[in-house]
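Taking it in order: structure first as structure tokens, then the write-up.
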Amino acid sequence: MEHYETPYLEMNHVKKSFGELEVLKDISLTVNQGEVVSIIGPSGSGKSTLLRCATLLETMDEGTLSYLGQIAVTMENGRSQYARPVELERIKRSFGLVFQSFHLFPHYTVLKNLTDAPVHVQKRSKEDAAEIAMKLLEQMGLSDKADAYPHQLSGGQQQRVAIARALALNPDVLFFDEPTSALDPELTGEVLKVIKQLAESHMTMIIVTHEMEFARKVSDRILFMDKGYVVVEGSPDDVFHSQNERIREFLGKLKRD
């Protein structure tokens, strides 16, 4: 597979504090076309904040950010400087985001949840958007749920609808923020299966997850974060067999739990 010469996502020297609390302390991340990168680490290590900075939901204090060479954030006078709103809106179309708590519109049917943004944001025809939505629902094993409302679905089905909704906008990069943490073990499996299929189709993905075995199987690269730093980064084998004391302690605790 040919790699896009420009990284799909590039973040350099990102720092973020909330008041006195330094959450990100100098993090750089590059993700290329078709790569699946998982971010793991204990609660409070900065994983979700990094993802929120990458998706422009949170503003960085320092650092730079670009998607496919489009610059969202530069550094000026030691501070992050954001591009103009019109440019940021264009850049936002490069990525999709799947949250842990689904964020579906409760008063819309499943089909309308999938077609609303393509029609109103991307100005696609309703017919075109509906055709794409139905194909995605079929891919998710949810063809028969197009007219259902979110409250009529299980958590696993709602999360699969949320993934389909993100894919309906045809993003270059897909972010997942702990996509299974609100689900019980049985439903977790059906969502992870969908993400695994996306990985096999070379979708570029960044996944914050606490599912270690899944991260090991699906990732090209894993970042282990702790206390605002990337402590270990490498292939799944490199990370899971790392001699770093902090990651060994983290993985050992997971096994004991």
Exercise. Crowded around Gln122 CD? As in, over 12 foreign heavy atoms under 6.0 Å?
Worked result: yes
Exercise. Is the count of non-hydrogen atoms from other residues, nucleotides or ligands lying under 6.0 Å from Leu198 atom CG greater than 12?
Worked result: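 Above 12, so yes.
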For this session: Please report the C-alpha distance between Ile247 and Val231 in whole Å, then the side-chain angles of each, then the deciding distance to 0.1 Å, and finally whether the side-chain contact (heavy atoms from CB on, under 4.5 Å) criterion is met.
Result: CA-CA 8 Å; Ile247 193 168; Val231 179; over 6 Å; no
Going by heavy atoms in the side chains, are [X] and [Y] under 4.5 Å from each other?
X      : Y      : value
Met134 : Glu138 : no
Thr49  : Met225 : no
Met203 : Pro171 : yes
Arg248 : Glu245 : no
Thr64  : Ile71  : no
Phe224 : Leu251 : no
Ser154 : Leu187 : yes
Ile195 : Val36  : no

Exercise. Taking ILVMFWY side chains as joined if any heavy atoms are under 4.5 angstrom apart, and letting links pass through other members, which residues group with Tyr108?
Worked result: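 Members besides Tyr108, by chain and number: Phe105.
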Verify same cluster id: [X], [Y] (apolar side-chain graph, 4.5 Å):
X      : Y      : value
Leu183 : Val194 : yes
Phe175 : Met140 : no
Met205 : Phe95  : no
Ile91  : Leu50  : yes
Leu174 : Tyr8   : no

Exercise. How would you list all residue pairs meeting side chain to side chain donor-acceptor pair (under 3.5 Å) that involve residues 183-199, not counting sequence neighbours?
Worked result: Arg160-Glu190, Lys196-Glu200
Seminar exercise, completed: So the side chain to side chain donor-acceptor pair (under 3.5 Å) pairs with at least one residue in residues 72-86 (sequence neighbours excluded) are Arg84-Glu87
Exercise. What pairs with Asp238 under side chain to side chain contact (heavy atoms under 4.5 Å, CB included), at least two apart in sequence or on another chain?
Worked result: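 Here the qualifying residues are Ser235.
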For the residue pair [X] and [Y], what are the closest heavy atoms and their distance?
X      : Y      : result
Asp177 : Ser48  : OD1-OG, 2.9 Å
Thr209 : Ala215 : CG2-CB, 4.0 Å
Val191 : Gly156 : CG2-O, 3.8 Å
Gly78  : Glu62  : O-CG, 3.4 Å
Pro7   : Asn32  : CA-OD1, 3.6 Å
Ala199 : Val218 : CB-CG2, 3.4 Å

Does any N or O in the side chain of [X] come within less than 3.5 Å of the main-chain N or O of [Y], such that one atom is a donor and the other an acceptor?
X      : Y      : result
Lys47  : Pro42  : yes
Gln159 : Thr180 : no
Arg165 : Asp116 : no
Gln243 : His241 : yes

Exercise. Which of these, Val31, Leu97, Thr55, Thr204, sits in a side chain to side chain contact (heavy atoms under 4.5 Å, CB included) with Val173?
Worked result: Thr204
Extract all donor-acceptor atom pairs below 3.5 Å that involve side chains of residues 144-153 and protein atoms in other chains or at least two apart in sequence.
unit_1	atom_1	unit_2	atom_2	d
Gln152	OE1	Tyr149	N	2.7

Can you measure from [atom1] ([X]) to [atom2] ([Y]) and round to the nearest 0.5 angstrom?
X      : Y      : atom1 : atom2 : result
Ile222 : Ser242 : CD1   : OG    : 11.5 Å
Ser201 : Leu167 : OG    : CG    : 8.5 Å
Leu29  : Arg221 : CG    : CZ    : 6.5 Å
Lys126 : Leu111 : NZ    : CG    : 11.0 Å
Ile206 : Glu35  : CD1   : CD    : 9.0 Å
Gln70  : Leu65  : CD    : CG    : 11.0 Å

For this session: Let me see the working for Val161 and Leu114 under side-chain contact (heavy atoms from CB on, under 4.5 Å), right down to the final yes or no.
Result: CA-CA 8 Å; Val161 171; Leu114 265 66; 3.7 Å; yes
What side-chain donor-acceptor pairs closer than 3.5 Å can you find for residues 9-25, not counting sequence neighbours?
unit_1	atom_1	unit_2	atom_2	d
His13	ND1	Asp26	OD1	2.9
Lys16	NZ	Thr59	O	2.8
Lys25	NZ	Lys227	O	3.2

For this session: Quick one: do Asp226 and Phe250 satisfy side-chain contact (heavy atoms from CB on, under 4.5 Å)? Show the steps, please.
Result: CA-CA 10 Å; Asp226 188 38; Phe250 173 71; over 6 Å; no
For this session: Kindly determine whether Gln157 and Val110 satisfy side-chain contact (heavy atoms from CB on, under 4.5 Å), including the steps that lead there.
Result: CA-CA 10 Å; Gln157 289 170 330; Val110 165; over 6 Å; no
For this session: Look at Arg246 together with Glu249 and state whether they make a salt bridge at an N to O cut-off of under 4.0 Å.
Result: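 Yes, Arg246 and Glu249 are salt-bridged.
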